[in-house]
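Predicted model, so just to flag it, every value in this text is computed and none were measured. Each chain gets a letter, A, B and so on, in the order the sequences are listed, and its residues count up from 1.
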There are 2 protein chains.
Amino acid sequence: MSHYSISELAAQFNVSTRTIRYYEEVGLLQPKRNKSGHRQFTKKEMTQLQLIFRGKKYGFNLDEIKEMVLLFEEDPTGKEQLKRTIEYGEDKIHEVSKRIQELEQMKNEMEQFLQVFQDELNKLEEE
Amino acid sequence: MSHYSISELAAQFNVSTRTIRYYEEVGLLQPKRNKSGHRQFTKKEMTQLQLIFRGKKYGFNLDEIKEMVLLFEEDPTGKEQLKRTIEYGEDKIHEVSKRIQELEQMKNEMEQFLQVFQDELNKLEEE
DNA sequence: TTTACCATTTACGTTAACGTTAAGTTCAAC
DNA sequence: GTTGAACTTAACGTTAACGTAAATGGTAAA
């Protein structure tokens, strides 16, 4: 069956079991339990963990990530609920776009700076 | 003259004076002092703070940022030193590029997800 | 059935990045 | 020259995101 244990997931994502339990603790995951109380993870939690780790890597904290995870999990029924979800999602996308732009600016500045060094080196090697 | 006080800088960047003092404490800044021991900030520190805050915003920790700041501050003389600096800088640029790519992937996934909701909404509004 | 491993909860410990308070110093204005 | 804002260092406090240790339970193999 497609059920994973907590240690299997931890190995998959190269984190500790504590980390995964902590994510459940703060409401990022809600894995089902089997008869004896052990957590049963499925593809759903795998996907959520992907989102969590990517978010973390790019400077979002767990609270912001939680908002996104929950956004993509709930099934909004009703026009009003749908509209609000879409609006919220567009805001988040906007945030990400801004981050991309500023990262690109950062990259450009670094490249310009390196160019100065590169020119310097070229001058030294022309002799 | 082009000297700024710590509170002027703090206001500029919308952070506390403690934050700026902390950055000096861990070696990110080395502002000169005037006769009576007060810190004197110049354009140089302004530029460094720009780099610091942008780096922070995008998930780099202060140790990583320190490496970048120091990279762009030291004046590498000598061919070997220049080459090493350039190589290191190119690595850092590569890291930033990777982050940009993954953020764009993240954005795409979010847009796809929202599209599903948008379609749902359109169907509801067609009636 | 005992060994051994994996799971569980509880709870205290740790680190980065500051916040906050205290106690004293300097500067600018009155 | 005194008052008050802005500066200094020193040191303890705080929060997020886990690490780690202790005590306990289920289960599969020897």
Going by the rule salt bridge (charged side-chain N to carboxylate O under 4.0 Å, His left out), which residues pair with [X] if we only count those two or more places apart in sequence or in a different chain?
X	value
B/Glu80	none
B/Arg99	none
B/Glu8	none

Side chains of residues 22-31 of chain A: which donor-acceptor partners sit under 3.5 Å, not counting sequence neighbours?
unit_1  : atom_1 : unit_2  : atom_2 : d
A/Glu24 : OE1    : A/Arg39 : NE     : 2.4
A/Glu24 : OE1    : A/Arg39 : NH2    : 3.3
A/Glu24 : OE2    : A/Arg33 : NH2    : 3.2
A/Glu25 : OE1    : A/Arg18 : NH1    : 3.3

>> For A/Asn108, give me all partners under side-chain contact (heavy atoms from CB on, under 4.5 Å), at least two apart in sequence or on another chain.
In response: A/Glu111
> Residues two or more places apart in sequence or in another chain: which of them pass side-chain contact (heavy atoms from CB on, under 4.5 Å) with B/Ser97?
Replying inline: A/Lys107, B/Ile93
Scan [range] for pairs that pass ring pair (Phe, Tyr, Trp, His ring centres under 6.0 Å), counting only residues two or more places apart or in two chains.
range	answer
residues 27-50 of chain A	none
residues 100-127 of chain A	A/Phe113-A/Phe117, A/Phe113-B/Phe72
residues 85-110 of chain A	none

Below 3.5 Å is the cut-off: list the nitrogen or oxygen pairs between protein and nucleotides 3-5 of chain C, distance only.
none

>> On the nucleotide D/dC18, are OP1 or OP2 found under 4.0 Å from the side-chain N or O atoms that A/Ser16 carries?
In response: no
> Within the pair B/Tyr23 and C/dC18, is there a side-chain N or O less than 4.0 Å away from OP1 or OP2?
Replying inline: yes
> More 5' along DNA chain D: B/Thr17 or A/Lys56, using each one's nearest nucleotide?
Replying inline: B/Thr17
Please report, rounded to the nearest Å, how far the [atom2] atom of [N] is from the [atom1] atom of [X].
X	N	atom1	atom2	value
B/Asn61	C/dC18	CG	P	11 Å
A/Asp63	D/dA16	CG	C1'	9 Å
B/Ile52	C/dC18	CD1	C1'	14 Å

Tabulated below should be each protein N or O lying under 3.5 Å from an N or O of nucleotides 8-15 of chain C; please produce it.
unit_1 : atom_1 : unit_2  : atom_2 : d
C/dT8  : OP1    : A/Arg39 : N      : 2.8
C/dT8  : OP1    : A/Arg39 : NH1    : 2.8
C/dT8  : OP2    : A/Arg21 : NE     : 3.2
C/dT8  : OP2    : A/Arg21 : NH2    : 2.7
C/dT8  : OP2    : A/Arg39 : NH1    : 3.3
C/dT8  : O5'    : A/Arg39 : NH1    : 3.2
C/dT9  : OP1    : A/Arg33 : NH1    : 3.3
C/dT9  : OP1    : A/Arg33 : NH2    : 3.3
C/dT9  : OP2    : A/Arg39 : NH1    : 3.3
C/dT9  : OP2    : A/Arg39 : NH2    : 2.8

>> For the helix from C/dT1-D/dA30 to C/dC30-D/dG1, what angle separates the axis at the start from the axis at the finish, each from five pairs, in steps of 10°?
In response: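 Its terminal axes enclose an angle near 0°.
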> Any chance CD of B/Glu87 has more than 12 other-residue heavy atoms, nucleotides or ligands included, within less than 6.0 Å?
Replying inline: no
